[in-house]
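This structure is a prediction, so every number in the text was calculated from the model and none was measured.
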Amino acid sequence: MTTPSSPEQVGTAIIGAGQAGLSVGHHLKQRGAPFVILDANERIGDVWRNRWDSLRLFTPARFDGLDGMPFPAPRFELVTKDAMADYLESYAAHFELPVQTGRRVERLSRDGEGFLLNLGDRTVRADQVVVAMSNHQSPHVPAFAAGLAPAITQLHSIEYRNPEQLQPGGVLIVGAGNSGAEIARELAADRQVWLSGRDVGEVPFRIDGFLGRRVLTRLVLRGLFHRVLTVGTPMGRRMRPKVISEGGPLIRVKSRDLKAASVERVPRVAGTEDGQPRLEDGRVLDAPNVIWCTGFHPGFSWIDLPIHGEHEPKHQRGVADDQPGLYFVGLEFLNAMSSNMVHGVGRDAERIASLVADRAAAGPRRPKTGATAATAPAR
């Protein structure tokens with residue numbers, strides 16, 4: 001075991017062993033560039049395993065494979081989140097990618113011309129770093145949630161697994177995006193459900209229908225999301241700020257599905273009153289359960305470098321601003337609407353891997369003698 005006084009030296013450190021990190025690793029291995037993948041979870045794929053039990057991917061299996069290895073399921077099957085987790089584990093094994101699990105990076109800072117990664121029990125020095133994580137890492141819950149009565153069961157969507165976690169009675173779901181809509185439909189089978197939040201719009205066809213799986217999904221995923229809505233088109237540049245700050249449209253669940261399930265749409269939750277949630281129109285709901293589908297903070301406070309923006313790190317198509325050797329993959333709309341989707345991450349990963357390999361080939365960058373970490377306060 002190394003100690004903080006004798007850091008392990010690596011060429012490139014990839015942080016995160018989800019689909020983004022494994023994709024970058026695959027392309028770096030093809031180029032013969034040395035790297036290691038560090039992941040905080042105990043098992044590859046846990047980022048999927050730890051979602052709610054009934055979750056299935058929006059995309060058919062033919063779009064769920066990473067570069068070099070198709071997803072092992074019928075082409076039009078909508079696969080479970082556990083099947084996706086097992087696929088990622090198999091992908092890493094198949095390509096013999098150097099993944100170290102149970103290794104949480106607690107701090108990333110500059111060290112001369114390279115970077116220093118603090119993992120608690122050891123330190124790693126890397127010439128280059130690829131942060132392969134989405135900007136959905138740290139759950140966001142409004143401050144007024146603390147004013148709800150202790151008797152109310154509160155969960156964030158990242159903590160929700162199944163209805164057995166809730167107490168009897170109704171459920172208020174705060175946030176009407178994809179997670180909120182999917183959980184609302186599931187819970188409405190046997191209890192009152194209120195869904196609070198603005199109408200985010202919806203994809204105008206059934207992705208799980210015959211035509212959707214075989215024709216329209218391809219047009220949307222490969223055409224619209226992957227080639228039209230990009231930072232290189234006027235339409236994409238207009239759409240990008242809205243998607244990053246507000247999220248995208250409903251994909252699987254439609255507004256008519258929620259109505260058919262007797263989900264009651266209610267205005268935004270504005271605060272609390274006598275320990276109960278108070279709506280924007282002044283109504284107070286007697287809700288024994290509240291599920292917060294209110295999104296995430298970017299979750300990159302452990303990066304001790306001046307790269308923090310309001311909704312995402314400062315970057316240009318994954319290349320960090322003013323931080324040579326630092327890259328991002330897997331961020332929402334990094335390069336296109338498809339950038340944080342399984343079918344779209346490969347293109348970004350290949351491009352970043354090419355930049356990493358070219359920089360590595362230009363020659364090793366070792367810390368200068370006596371160099372100190374140039375850092376800025378984490379936010």
message: Working note: W52 + E182, criterion side-chain hydrogen bond (donor to acceptor under 3.5 Å, both in side chains); need CA distance, chi angles, decisive distance, verdict.
response: CA-CA 10 Å; W52 68 86; E182 298 245 346; 4.9 Å; no
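- For the residue pair G21 and I37, the shortest heavy atom distance occurs at O-CD1, 3.8 Å.
- No side-chain heavy atom of L326 sits under 4.5 Å from any side-chain heavy atom of H315.
- In plain terms, the two heavy atoms of P324 and R359 that are nearest each other are CB-NH2, 3.7 Å.
- Within the model, atoms CG of L305 and CD of Q323 stand 4.5 Å from one another, a figure rounded to the nearest 0.5 Å.
- The distance from atom CZ of R265 to atom OG of S255, rounded to the nearest 0.5 Å, is 7.5 Å.
- For H140, the ring pair (Phe, Tyr, Trp, His ring centres under 6.0 Å) partners two or more places apart in sequence, or in a different chain, are H297.
- In this structure, R227 contributes its side chain and A336 its backbone to no donor-acceptor pair below 3.5 Å.
- A donor-acceptor contact shorter than 3.5 Å is absent between the side chain of R237 and the backbone of R240.
- For an aromatic pair to be called close, the ring centres must be under 6.0 Å apart, and F225 with H343 fails this.
- For the pair E42 (side chain) and T101 (backbone), a donor-acceptor distance under 3.5 Å is absent.
- Heavy atoms only, all atoms of each residue included: F35 and G25 are closest at CZ-O, 3.3 Å.
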message: R107 vs L117, test: side-chain contact (heavy atoms from CB on, under 4.5 Å). Steps then yes/no.
response: CA-CA 6 Å; R107 182 173 180 262; L117 293 78; over 6 Å; no
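- Within the 3.5 Å criterion, the main-chain N or O of V284 finds no donor-acceptor partner in the side chain of R278.
- Identified under the side chain to side chain donor-acceptor pair (under 3.5 Å) test for residues 161-173, with sequence neighbours left out: D53-N162, T153-Q167.
- Residues F58 and L221 share a single hydrophobic cluster, defined by chaining ILVMFWY side chains whose heavy atoms lie under 4.5 Å apart.
- For the pair R122 and E8, the salt-bridge criterion is met [side-chain N within less than 4.0 Å of a carboxylate O].
- For the residue pair E186/Y160, the side-chain donor-acceptor check at 3.5 Å is satisfied.
- L250 belongs to a hydrophobic cluster whose remaining members, ordered by chain and number, are V200; membership requires side-chain heavy atoms of ILVMFWY residues under 4.5 Å apart, directly or through intermediates.
- Within the 4.5 Å cutoff, no side-chain heavy atoms of V79 are placed close to those of R56.
- A donor-acceptor contact shorter than 3.5 Å links the side chain of T233 to the backbone of V228.
- The residues E332 and K242 are annotated as not salt-bridged, no charged nitrogen and carboxylate oxygen being separated by less than 4.0 angstrom.
- Sparse packing is recorded around CG of D322, with 12 or fewer heavy atoms of other residues, nucleotides or ligands lying under 6.0 Å away.
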Under 3.5 Å, which donor-acceptor pairs do the side chains of residues 65-77 form with other protein atoms, sequence neighbours left out?
| residue | atom | partner | partner atom | Å |
| --- | --- | --- | --- | --- |
| D67 | OD2 | H27 | NE2 | 2.7 |

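- The CZ atom of R185 lies 10.0 Å from the NZ atom of K254; values are rounded to the nearest 0.5 Å.
- A salt bridge is defined here as a Lys NZ or Arg NE, NH1 or NH2 lying under 4.0 Å from an Asp or Glu carboxylate O, and R252 with D208 fails to meet this definition.
- Shown here is R218, whose CZ atom has no more than 12 heavy atoms of other residues, nucleotides or ligands within 6.0 Å.
- Surrounding CG of D190 are more than 12 heavy atoms belonging to other residues, nucleotides or ligands, all under 6.0 Å away.
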task: Assess whether side-chain contact (heavy atoms from CB on, under 4.5 Å) is satisfied between S196 and I173, documenting all intermediate values.
output: CA-CA 6 Å; S196 167; I173 297 177; over 6 Å; no
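- Under a 3.5 Å cut-off, the side chain of T123 and the backbone N or O of N118 do not form any donor-acceptor pair.
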- request: For D348 and S339, run side-chain hydrogen bond (donor to acceptor under 3.5 Å, both in side chains): C-alpha distance rounded to whole Å, both residues' side-chain angles, the deciding distance at 0.1 Å, then the answer.
  value: CA-CA 7 Å; D348 296 338; S339 286; 2.7 Å; yes
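- When all heavy atoms of A176 and R198 are compared, the pair lying nearest together is CB-O, 3.6 Å.
- Under a 3.5 Å cut-off, the side chain of D257 and the backbone N or O of V253 do not form any donor-acceptor pair.
- The hydrophobic cluster containing V263 also contains I291, counting ILVMFWY residues as joined when their side-chain heavy atoms lie under 4.5 angstrom apart, directly or transitively.
- Donor-acceptor pairing under 3.5 Å is recorded for the side chains of D64 and T59.
- Cluster membership for V99 and M133, using ILVMFWY side-chain heavy atoms within less than 4.5 angstrom, is not shared.
- No chain of hydrophobic side-chain contacts below 4.5 Å, direct or via other Ile, Leu, Val, Met, Phe, Trp or Tyr residues, connects V124 to V356.
- Note: I244 CD1 to L331 CG = 8.5 Å, rounded to the nearest 0.5 Å.
- The CD atom of Q128 sits 10.5 Å away from the CD1 atom of I14 when rounded to the nearest 0.5 Å.
- Closest of all the heavy-atom pairs between G330 and N340 is O-CB, 3.4 Å.
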message: Applying salt bridge (Lys or Arg N to Asp or Glu O under 4.0 Å) to R51 and D46, what does each step give before you reach the verdict?
response: CA-CA 9 Å; R51 303 296 299 279; D46 277 354; over 6 Å; no
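- Two different hydrophobic clusters hold V329 and V10 under the rule that ILVMFWY side chains link at heavy-atom gaps under 4.5 Å.
- T80 has its side chain out of reach of M84: every pair of non-hydrogen atoms, C-beta onward, lies at least 4.5 Å apart.
- With respect to the salt-bridge test (charged N to carboxylate O, under 4.0 angstrom), the residues R268 and E280 qualify.
- A salt bridge does not link R283 with E273: every distance from a Lys NZ or Arg NE/NH1/NH2 to an Asp or Glu carboxylate oxygen is 4.0 Å or more.
- When all heavy atoms are compared, the tightest approach of L57 to L78 is O-CD2, 3.9 Å.
- Using bins of under 30°, 30° to 60° and over 60° for the plane-to-plane angle, the ring pair F95/H26 lands in the tilted bin.
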message: Please evaluate residues L219 and F205 with respect to the criterion side-chain contact (heavy atoms from CB on, under 4.5 Å), reporting the C-alpha separation (whole Å), side-chain torsions for both, the decisive distance (0.1 Å), and the verdict.
response: CA-CA 12 Å; L219 293 177; F205 64 90; over 6 Å; no
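- With hydrogens and angles disregarded, no donor-acceptor distance shorter than 3.5 Å links the side chain of N289 to the backbone of V171.
- Chaining together hydrophobic side chains whose heavy atoms lie under 4.5 Å apart places W292 alongside V141, F144, L148, I152, L172, V174, W194, V266, V269, L279, L285, V290.
- Dense packing is recorded around CD of E106, with more than 12 heavy atoms of other residues, nucleotides or ligands lying under 6.0 Å away.
- Of the possible polar contacts, one joining the R347 side chain to the H226 backbone as a donor-acceptor pair under 3.5 Å is found.
- The CD atom of Q192 sits 11.5 Å away from the CG atom of L187 when rounded to the nearest 0.5 Å.
- Sorted by first and then second residue, the salt bridge (charged side-chain N to carboxylate O under 4.0 Å, His left out) pairs involving residues 78-94 (not counting sequence neighbours) are R43-D86, R43-E89, R49-D86, R49-E89.
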message: As a quick check of understanding, evaluate side-chain contact (heavy atoms from CB on, under 4.5 Å) for E264 and V193, giving each step before the final call.
response: CA-CA 6 Å; E264 182 180 352; V193 175; over 6 Å; no
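- Judged by distance alone, the side chain of T272 and the main-chain N or O of G275 form no donor-acceptor pair under 3.5 Å.
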